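Counting convention: from 1, in listed order, for ligands and their atoms alike. Atom set for the values below is all heavy atoms of this structure, side chains included, hydrogens, waters and symmetry mates excluded. As the structure is a computational prediction, the values presented were derived from the model and not from experiment.
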Amino acid sequence: CFVVGVTETHYSVISVTVYIILSILSSANSVVNPKELLCNCVGNVICSIVFGHRFENDDPMFQLIQNAVDAYFNILSSPIGAMYNMFPRIVWCFPGKHHEMFAIVNEAKAYIQVQAEIRRKTLNMCEPQDFIEAFLVKMLEEKDDPNTEFNNDNMVMTAWNMFAAGTETTSSTLRQLFLMMIKCPHIQESVQKEIDEVIGSRVPTVDDRVKMPYTDAVIHEVQRYMDLSPTSVPHKVIRDTEFHNYHIPEGTMVLPLLSSVLADSKLFKNPDEFDPENFLDENGVFKKNDGFFSFGVGKRACPGEALARVELFLFFTSLLQRFTFTGTKPPEEINIEPACSSFGRMPRSYDCYIKLRAEE
Ligand code: HEM
């Protein structure tokens, strides 16, 4: 099956980074809200994987997908979304914005389907070029297996899931990362110092991460502190289960409370504070922490973790290598506490200056 290796991912991220840097350059030194910029670049990484190429930001098909993801998250974060998650059949019968959301998500899925039809005609079984082609190859290989999961519906759904699960999560984390840099300029300076020493002016690579414990610790700590998905996603117990003297009957819905671990004072010093030292030992070496549950844990943990970690590292270092982020108000007035929605904890909207470091 098509596996997105680190190298392919790396090149997708880097090619998208060039565009984001160019977009920032055109608005450097003026006030910007980084949301659209970051959503577009993360969205284009998923496009590179699913469709095999990136889009211009004003491409109508790219905008269709971005709007579908946006509508999906707006509903997911709203009370109607929370109600729909619990009582889908009842809420479906009521009028409301969720119907508009389903309509636009269906348009995005129809686009994925059209792209699959185009690829079906010229499919090279030996060299799939993107996720859709790889899925089609698997469908053909397993066409005689009555139990195969590789069918058309699953192709469309998994491609859409890459957008739904892999864009807002990563771009929100990036927004929170840069917000923390604005709030804590001394931390931003230390990250930039490490970038200058380890990477200099060349293009960052994933291999740099092991040589950059401080930067890695900052990224981990931002993820821990922001606690993007406090209750993870609901799971259902598939058989009667005994767990720590509790009997959990088959069919029970279970919500893993990731926050209870991410904010455990036995695992993290001052868990309510933002402190990269949580992931560093006394010699400044990166220290793994078993309580880092931002991507969930176990068999159903996030399958996009490796991709997300590459994106966070490469976008963060590529941008701080060239730019410094500063706020439009003094750091002490900046609220870094993520806003709670029914879906998760999202960074607050903010404006900032993105200044070229060469001009500092
Ligand atoms: C910073 C970025 C991300 C965070 C914090 C994150 C976090 C999570 C969490 C907490 C879960 C639930 C795990 C569980 O049920 O225990 C999850 C599931 C999932 N994530 Fe991510 N994720 C991120 C990025 C991505 C990316 C980039 C992709 C794919 C391109 C992705 C695809 C998925 C999918 C498909 C699931 C559902 C897995 C299942 O149901 O078995 N995620 N993610």
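Looking only at atom types and distance, the side chain of E36 has no donor-acceptor partner in the side chain of N57 under 3.5 Å away. Remark: the T317 side chain and the D208 side chain contain no N/O donor-acceptor pair separated by less than 3.5 Å. Using modelled atom types and a 3.5 Å distance limit, the side chains of Q115 and Y111 yield a donor-acceptor pair. Side-chain contact of S294 with Q223: a donor-acceptor pair under 3.5 Å is absent, judged by distance alone.
Under a 4.0 Å criterion applied to the non-hydrogen atoms of V233, ligand 1 contributes the atoms 12 (C), 15 (O). Taking every non-hydrogen atom of L228 and a distance limit under 4.0 Å, the qualifying atoms of ligand 1 come out as 5 (C). Every atom of ligand 1 is numbered from 1 in the order shown, and the set under 4.0 Å from a heavy atom of A308 is 2 (C), 24 (C).
Ring geometry, F279 versus F292: the interplanar angle exceeds 60°, so the pair is classed perpendicular (tilted spans 30 to 60°). Relative ring orientation between H98 and Y84 is described as tilted, the plane-to-plane angle lying within the 30° to 60° band.
Comparing G344, G304, S232, G296 by heavy-atom distance to atom 14 (C) of ligand 1, the nearest is S232.
Here the straight-line distance linking atom NZ of K35 with atom CG of L37 works out to 13.0 Å at 0.5 Å rounding.
Centroid-to-centroid, the aromatic rings of F286 and Y214 stay 6.0 Å apart or farther.
From the protein, the heavy atom lying nearest to atom 18 (C) of ligand 1 is C302 CA, 3.9 Å. What sits closest to atom 25 (C) of ligand 1 on the protein, heavy atoms only, is A165 O, 3.5 Å. Distance from atom 15 (O) of ligand 1 to its nearest protein heavy atom, with residue and atom name: H235 NE2, 2.6 Å. Nearest protein heavy-atom contact of atom 24 (C) of ligand 1 is T169 OG1, 3.4 Å. What sits closest to atom 40 (O) of ligand 1 on the protein, heavy atoms only, is R300 NH2, 2.8 Å. Looking from atom 38 (C) of ligand 1 to the surrounding protein, the closest heavy atom is P303 CD, 3.6 Å. The shortest contact between atom 1 (C) of ligand 1 and any protein heavy atom is with T173 OG1, 3.4 Å. Distance from atom 26 (C) of ligand 1 to its nearest protein heavy atom, with residue and atom name: G166 CA, 3.3 Å.
Figure legend: K355 and Y353 shown as a cation-pi pair, the cationic atom lying under 6.0 angstrom from the six-membered ring centre and within 45 degrees of its axis.
Contacts of N161 with ligand 1, taken as heavy-atom pairs under 4.0 Å, are absent altogether.
Residue contacts with ligand 1 do not include E305, since none of its heavy atoms lies under 4.0 Å from the ligand. Remark: distances from the non-hydrogen atoms of I46 to ligand 1 include one below 4.0 Å.
Using a 4.0 Å cut-off between charged side-chain N and carboxylate O, R345 and E337 make a salt bridge. Looking at K193 and E189, no side-chain N of the basic residue comes within less than 4.0 Å of a carboxylate O on the acidic one, giving no salt bridge.
For S294, no nitrogen or oxygen atom sits less than 3.5 Å from a nitrogen or oxygen atom of ligand 1, counting backbone and side chain alike. On a distance-only criterion, T170 and ligand 1 share no N/O pair closer than 3.5 Å.
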